[in-house]
Amino acid sequence: MGELQTHELTLYSIILFLLFESLIEIYLVLRQLRVYRESKTVPKELQHVMDAETFEKSRVYGLDKANYGIFKTIVCDVVIAMLELYFGFMAAVWLRAAQVAGHVGLDRSSEIQVGCVFIVMLQVIGVLKEMPFRIYSTFVLEERHGFNKQTAGFFVKDQIKAFVVSQVLTVPIAAALIYIVQIGGEYFFVWLWAFIGCVSLVLITIYPVYIAPLFDKFRPLEDGELKTGIHELASSVKFPLGQLFVVEGSKRSAHSNAYFTGLFGVKRIVLFDTLLLNKGLPADDASLTESDKSKGCKNEEVLAVLAHELGHWKLGHVAKNITIMQVQLFLIFLVFSQLFTYAPLYEAIGLPVGEKPILIGFMVIMMYVLAPYNTLISFAMTIVSRRFEYQADAFAQELGYSKDLGQALIKLQVDNLGFPIYDWMYSAWNHSHPTLLQRLDRLQTDGKKKR
């Protein structure tokens, strides 16, 4: 078999797998669409907390998101992605990046300098491709169902800040990746793994302190019953709580969340204001709308949600996920080290014979060659994540928060218009968390420790 046939076969194999993967995604969404269309009544387990009007709103919201998801998959993952592969989009950007590098006074023979220009150009094009979908999702889909809180000005500033931060982070990392491969010798993948592993841990550490505040406003949780309860809860499980913050997520979206940050030593807990009853403000605050006053969790329910989150910490789920991530990185870099000199990979995406840019080799192997492996690992991690969620629920239950956690889960589901009924195959493939009904059933059937 000639080399031309080899790189053509490589290209067609990549295209066929990506098409197959997209068809699976569309098939699963179509299964869920059928559930949305056929489910007309509130499940009996929720009839005491969810009225028919709310159920219908969540059903329509789910329908809209599913239809939009199918449209985006067809346009982005099938049409655009296949055309880009077939016509050598990535190679064209690389060759153009070399020209641009020369025009701006950089050394076009330096792979590192051209690689930096390539990354910026690729991300600019990516933003332009993604922007119509972001605008539609934010200002049409989410707006239609009452979740979008962003103004056009806020949205534009947010996108600009996100782009700048992305460049500040990715360009130096890309340059370092190329440099390490160039000087690292036969076992460069070990040094690459160590570098990326350290960078990822540093980013996890600094993101909540220095990067997240660039996008959202954080304020200390006010003194009161909730703050006292959180400190008592943290103390009871020996969680090293240092700071408590409320993030004004309501300026971006009406969806709710809570999380903790910090890998080492003292940690911080962050509550979205949308999680708190009245957004954590006095009931007579003039900034509260009538809709705000009907949403959010009571103090005991917030504590139950945090008990679940602290369960992830106490049971070592964070450390386990980081360990899995590091193992994954090592395997990826090992495969990269074995394949990145294989010429047909580069020719398959349109590069001239003999050109083998390190950065493109890494992207092709990550995005295309390892696509089947990444799909399987993603599904395996979904299974692991669901198991971790059950364990964290059980941890909160052992602390006596079974009833409050169940009420909080229902409240969050209703406030976020989450649809409670799912096709089993769609859910198994897509949901990193068990469904509401599955979690409620587990909370009711497992042994309980009364508070």
Side-chain angles (χ1 to χ4, degrees), residues 11-12 14-40 54-90 93 122-152 154-156 158-159 162-163 166 252-255 363 367-368 371-372 374-375 378-379 382 413 416-433 435:
L11 174 62
Y12 295 142
I14 291 171
I15 290 176
L16 284 174
F17 177 79
L18 295 180
L19 179 60
F20 174 71
E21 188 175 39
S22 296
L23 291 176
I24 289 178
E25 293 287 346
I26 291 171
Y27 167 71
L28 292 175
V29 177
L30 288 174
R31 290 179 61 99
Q32 181 59 27
L33 270 172
R34 184 174 62 186
V35 173
Y36 288 135
R37 294 191 183 104
E38 295 178 353
S39 302
K40 300 292 186 179
T54 302
F55 181 81
E56 179 62 17
K57 286 181 179 179
S58 67
R59 189 182 74 85
V60 174
Y61 181 44
L63 271 170
D64 284 352
K65 287 197 299 181
N67 284 318
Y68 168 69
I70 290 177
F71 172 77
K72 187 177 179 182
T73 297
I74 292 173
V75 173
C76 296
D77 299 342
V78 177
V79 177
I80 294 178
M82 301 307 162
L83 289 174
E84 287 181 350
L85 274 169
Y86 188 79
F87 289 105
F89 164 77
M90 195 181 296
V93 175
L122 206 60
Q123 293 199 70
V124 169
I125 295 170
V127 168
L128 293 176
K129 288 192 301 183
E130 182 70 19
M131 192 56 63
F133 298 98
R134 290 181 187 174
I135 292 172
Y136 178 85
S137 176
T138 302
F139 293 103
V140 178
L141 180 58
E142 294 293 301
E143 183 84 30
R144 179 187 300 155
H145 295 279
F147 288 114
N148 175 50
K149 302 300 179 182
Q150 300 182 62
T151 63
F154 182 94
F155 178 84
V156 170
D158 209 45
Q159 299 304 310
F163 180 79
S166 177
R252 184 184 308 277
S253 169
H255 294 295
M363 295 175 68
M367 295 167 57
Y368 304 134
N374 292 335
T375 298
S378 176
F379 180 59
T382 297
Q413 183 89 358
N416 292 308
L417 290 185
F419 195 67
I421 307 172
Y422 288 98
D423 171 76
W424 71 270
M425 192 179 295
Y426 172 87
S427 180
W429 187 260
N430 287 285
H431 289 164
S432 61
H433 289 51
T435 66

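The figures here come from the full heavy-atom set of this structure, side chains too, leaving out hydrogens, waters and symmetry mates.
Between Tyr368 and Phe17, the ring center distance fails the sub-6.0 Å criterion.
In terms of heavy-atom proximity, Gln159 sits nearest to Met131 at OE1-CE, 3.9 Å. Across all non-hydrogen atoms, the minimal contact from Val29 to Ala66 is CG1-O, 3.7 Å. Closest non-hydrogen pair, Gln32 versus Asp423, comes out as OE1-N, 2.8 Å. Contact between Ser166 and Gln123 at its shortest, heavy atoms only, is OG-OE1, 2.6 Å. Closest non-hydrogen pair, Tyr36 versus Gly62, comes out as CE1-O, 3.3 Å. The shortest heavy-atom contact between Thr151 and Phe139 is O-CZ, 3.9 Å.
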Test log, rule side-chain contact (heavy atoms from CB on, under 4.5 Å), inputs Leu16 and Phe20: CA-CA 6 Å; Leu16 284 174; Phe20 174 71; over 6 Å; no

Evaluation steps, side-chain contact (heavy atoms from CB on, under 4.5 Å), between Leu122 and Met363: CA-CA 12 Å; Leu122 206 60; Met363 295 175 68; 3.2 Å; yes

Steps toward salt bridge (Lys or Arg N to Asp or Glu O under 4.0 Å) verdict (Lys129, Glu84): CA-CA 12 Å; Lys129 288 192 301 183; Glu84 287 181 350; 2.6 Å; yes

Apply side-chain contact (heavy atoms from CB on, under 4.5 Å) to residues Asn430 and Glu25 and explain how you reach the verdict. CA-CA 9 Å; Asn430 287 285; Glu25 293 287 346; 3.9 Å; yes

Walk me through it: do Phe155 and Ile135 pass the test side-chain contact (heavy atoms from CB on, under 4.5 Å)? CA-CA 9 Å; Phe155 178 84; Ile135 292 172; 3.9 Å; yes

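Using cut-offs of 30° and 60° on the angle between ring planes, the pair Phe71 and Phe133 is tilted. Ring orientation note: the planes of Phe55 and Phe419 are tilted relative to one another, at an angle of 30° to 60°.
Side-chain atoms of Thr382 come within 3.5 Å of backbone atoms of Ser378 as a donor-acceptor pair (strictly under, hydrogens ignored). With hydrogens and angles ignored, the 3.5 Å screen pairs no side-chain donor or acceptor of Asp158 with any backbone N or O of Phe154. Judged purely by atom type and a 3.5 angstrom limit, Arg31 has no side-chain atom pairing as donor or acceptor with the backbone of Tyr426. Checked by atom type and distance alone, the side chain of Thr138 pairs as donor or acceptor with a backbone atom of Arg134 at under 3.5 Å. In this structure a side-chain-to-backbone donor-acceptor pair under 3.5 Å is present from Asn148 to Gln150.
One distance of note links CG of Leu23 with CG of Leu18; it measures 11.0 Å at 0.5 Å rounding. Rounded to the nearest 0.5 Å, atoms OG1 (Thr54) and CZ (Arg59) are 13.5 Å apart. In this structure, NZ on Lys40 lies 11.5 Å from CD1 on Ile421, to the nearest 0.5 angstrom. Atom-to-atom distance recorded for Asp77:CG and Leu19:CG is 10.5 Å, nearest 0.5 angstrom. Note that CG of Leu33 is 6.0 Å distant from CG of Leu63, once rounded to the nearest 0.5 Å. Taking CD1 of Ile24 as the reference point, atom OG1 of Thr73 lies at 12.5 Å (rounded to 0.5 Å).
Lys72 and Glu130 are joined by a salt bridge, as a carboxylate oxygen and a charged side-chain nitrogen come within less than 4.0 angstrom of each other.
At least one side-chain heavy atom of Leu30 sits less than 4.5 Å from a side-chain heavy atom of Ile70. Between His145 and Val60, some side-chain heavy-atom pair lies under the 4.5 Å cut-off.
Taking the ring centre of Tyr61 as origin, the terminal cationic atom of Lys57 falls outside the region bounded by 6.0 Å and 45° from the ring axis. A cation-pi arrangement is absent between Lys65 and Tyr136 under the rule of less than 6.0 angstrom and at most 45 degrees off the ring axis.
For the residue pair Ser137/Glu142, the side-chain donor-acceptor check at 3.5 Å is not satisfied.
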